[in-house]
Amino acid sequence: MRAAGISLAGVLIVVVARFITAVRGLWDGVAPTDEQRIYFANHASHGDFVLIWTVLPRRMRFATRPVAGSDYWLKSRLRWFIGCDVFNAVLIDRERVSRANDPIRIMTDVLDQGLSLIVFPEGTRNATEARLLPFKSGLYHLAKARTDVPLVPVWIDNLNRVMPKGEFVPIPLICTVTFGAPLRLAAAERKQDFLARAEQALLALSPKATAP
Amino acid sequence: MTMPHRDLLVVLASLLAVLIVASAIGYALHRRLSPDGQNAVVENLNDRIRAWWIMVVLMGLALIGGKTGVTLLFAFCSFAALREFITLTNTRRADHWALAAAFFIVLPVQYYLVWIDWYGLYAIFIPVYAFLLMPIIAALRGDTDHYLVRIAEVQWAQMICVFCTSHVPALLTLQIPGYEGRNVLLIAFLVIVVQMSDVLQYIWGKLLGRTKIAPRLSPSKTVEGFVGGALSATLIGAALAWMTPFRPLEAAFLSLVIVLMGFFGGLVMSAIKRDRGVKDWGHLIAGHGGFIDRLDSVVFSAPIFFHLVRYGWSAT
């Protein structure tokens, strides 16, 4: 009964996401396969992982878990249901990072079960005019902890216009989710070099990067 | 629900027959010229035929469903078209409420007014009320950057995607003496003439096309294609007079108007696409671009066709 409710909610969210955004997944440099990956995406809205989830083929959805801040997703029963039950999010505490509560450890535990992750290396939603906020170091530490898992950049386009931070009525606009060629941490690559490379790889997928 | 009119069933059966023939030809071409999908023209043709199937089936179901079916179908088309249009505009954060109103208030209200046949209001709802109220909503947010451009774009989007499109279901509200219960055939007539004109222009253009009509807007459109397509679609329209309240010569005249408006509507929408640097409005239908790419000619011809018929044939 509960499982049926969860999968119904999942279907409903996908239908609504398609209705509002007519979202298309563009696999540009990487194919939708079952390979284990860390997807890292730009973050403008709470709907970001909904869109990634929507464009992933069905069997990949259940093997891919978004990483999200527990401060937001544990705030109400509805958010708990959507975040934990429907999307099976990996919740991390952004405020009190300690050795007992090490976010990298929580994420590598999930990777060690063979699952893929969706992370937002900006660390928070981008409400600025800049296309991308500087990456936090989490992506580097994650890449260093599991060097064998490829990191796939994912550019989510237009969702910031659908639902800007602070608005609650979405505007229907067409969105795309572009998956780019995978990255790996090079041997002896320095933290800032790797993070700069990852930012560039992600920005290169933005349609505005090619438009005049 | 009443039984669909016999004429409508004849029209739908003929369309299905045409599609079956088209699919058979497409399959034969695929087998002979492009077994591994290497011939782009053949593959594109087959994509188009597949999309035609979807459109004819949807249109057919809507027409059989009568007023409710047609109104719902075109309300959804308006929604999808508006979504494509607004995606390409310069809207900003401050337009959020004006845009929400366009999608969730103006669009449903317009189609509701058409559905209840309140001509006096649906004919002016967007040109007067939305026109004056939307800029007020946007102004209240205080962001004046590109203000005129932003509100003009939103108004234009609503006129094209909602107001003009809603004149297709509005055809059902016309009261034409001696034509009661057959109004869905007016929609079938409009859509068939417009779409035949598009297809025939494409075919004439491929066969004879040499002189480009508007090379900057639409490199595939040629004078030969346009003239051939317009004339042959007008003839087809005249031959379809039996399903309309018009005499053959009248049907030919109205078809010519529909074809001309459709053609120039396509040019106008191409100009907007060039301005925005995109090739298609969207990617909803394989081989056909977005909704607006399919709707543009209908959108431009529907209001004119509606008003000509209302003036010349309707009792109200």
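Naming convention: chains lettered A, B, ... in sequence-line order (proteins, then strands); numbering from 1 in each chain.
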Chain A neighbours within residues 155-167 of chain B, where any heavy atom lies under 4.5 Å away: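 Answer by number: none.
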
Crowding at [atom1], [X] (>12 non-hydrogen neighbours, <6.0 Å):
{"X": "W27(A)", "atom1": "CH2", "value": "yes"}
{"X": "Y129(B)", "atom1": "OH", "value": "no"}
{"X": "Y147(B)", "atom1": "OH", "value": "yes"}
{"X": "Y202(B)", "atom1": "OH", "value": "yes"}
{"X": "R59(A)", "atom1": "CZ", "value": "yes"}

Is [X] reaching over with its side chain to a backbone N or O of [Y], donor-acceptor style, under 3.5 angstrom?
{"X": "H96(B)", "Y": "V169(A)", "result": "yes"}
{"X": "T87(B)", "Y": "I174(A)", "result": "yes"}
{"X": "R93(B)", "Y": "R161(A)", "result": "no"}

Considering only heavy atoms, which portion of F85(B) lies under 4.5 Å from any heavy atom of chain A: side chain, backbone, both, or neither?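 Neither part.
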
Could I get the full list of side chain to side chain contact (heavy atoms under 4.5 Å, CB included) partners for R58(A), not counting sequence neighbours?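 If we apply the side chain to side chain contact (heavy atoms under 4.5 Å, CB included) test to R58(A), skipping adjacent residues, the hits are R61(A), F62(A).
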
Would you compute the distance between atom CZ of F103(B) and atom CD1 of I20(A) and round it to the nearest 0.5 angstrom?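 That separation rounds to 8.5 Å.
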
Return the CD1 to CG distance between I86(B) and L173(A), rounded to the nearest 0.5 Å.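 Going from the CD1 atom of I86(B) to the CG atom of L173(A) covers 7.5 Å.
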
Which heavy atom of F104(B) sits nearest a heavy atom of P170(A), and at what distance?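 Scanning both residues, the minimum pair turns out to be CE1-O, 3.3 Å.
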
Give the C-alpha distance, both sets of side-chain angles, the deciding distance and a yes or no for salt bridge (Lys or Arg N to Asp or Glu O under 4.0 Å) between E167(A) and R141(B). CA-CA 13 Å; E167(A) 303 286 355; R141(B) 295 282 290 254; 3.0 Å; yes

Mind listing the side-chain donor-acceptor pairs of residues 65-77 of chain B below 3.5 Å, one per line with the distance, residues two or more places apart or on another chain?
| from | atom 1 | to | atom 2 | distance (Å) |
| --- | --- | --- | --- | --- |
| K67(B) | NZ | W115(B) | O | 2.8 |
| T71(B) | OG1 | K67(B) | O | 2.6 |

Parallel, tilted or perpendicular: ring planes of W97(B) versus F168(A), cut at 30 and 60 degrees: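 Taking F168(A) first and then W97(B), their aromatic rings stand perpendicular (interplane angle over 60°).
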
H43(A): what forms a ring-ring contact (aromatic ring centres under 6.0 Å, His included) with it, not counting sequence neighbours?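 For H43(A) the ring-ring contact (aromatic ring centres under 6.0 Å, His included) partners, ignoring immediate neighbours, are F120(A).
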
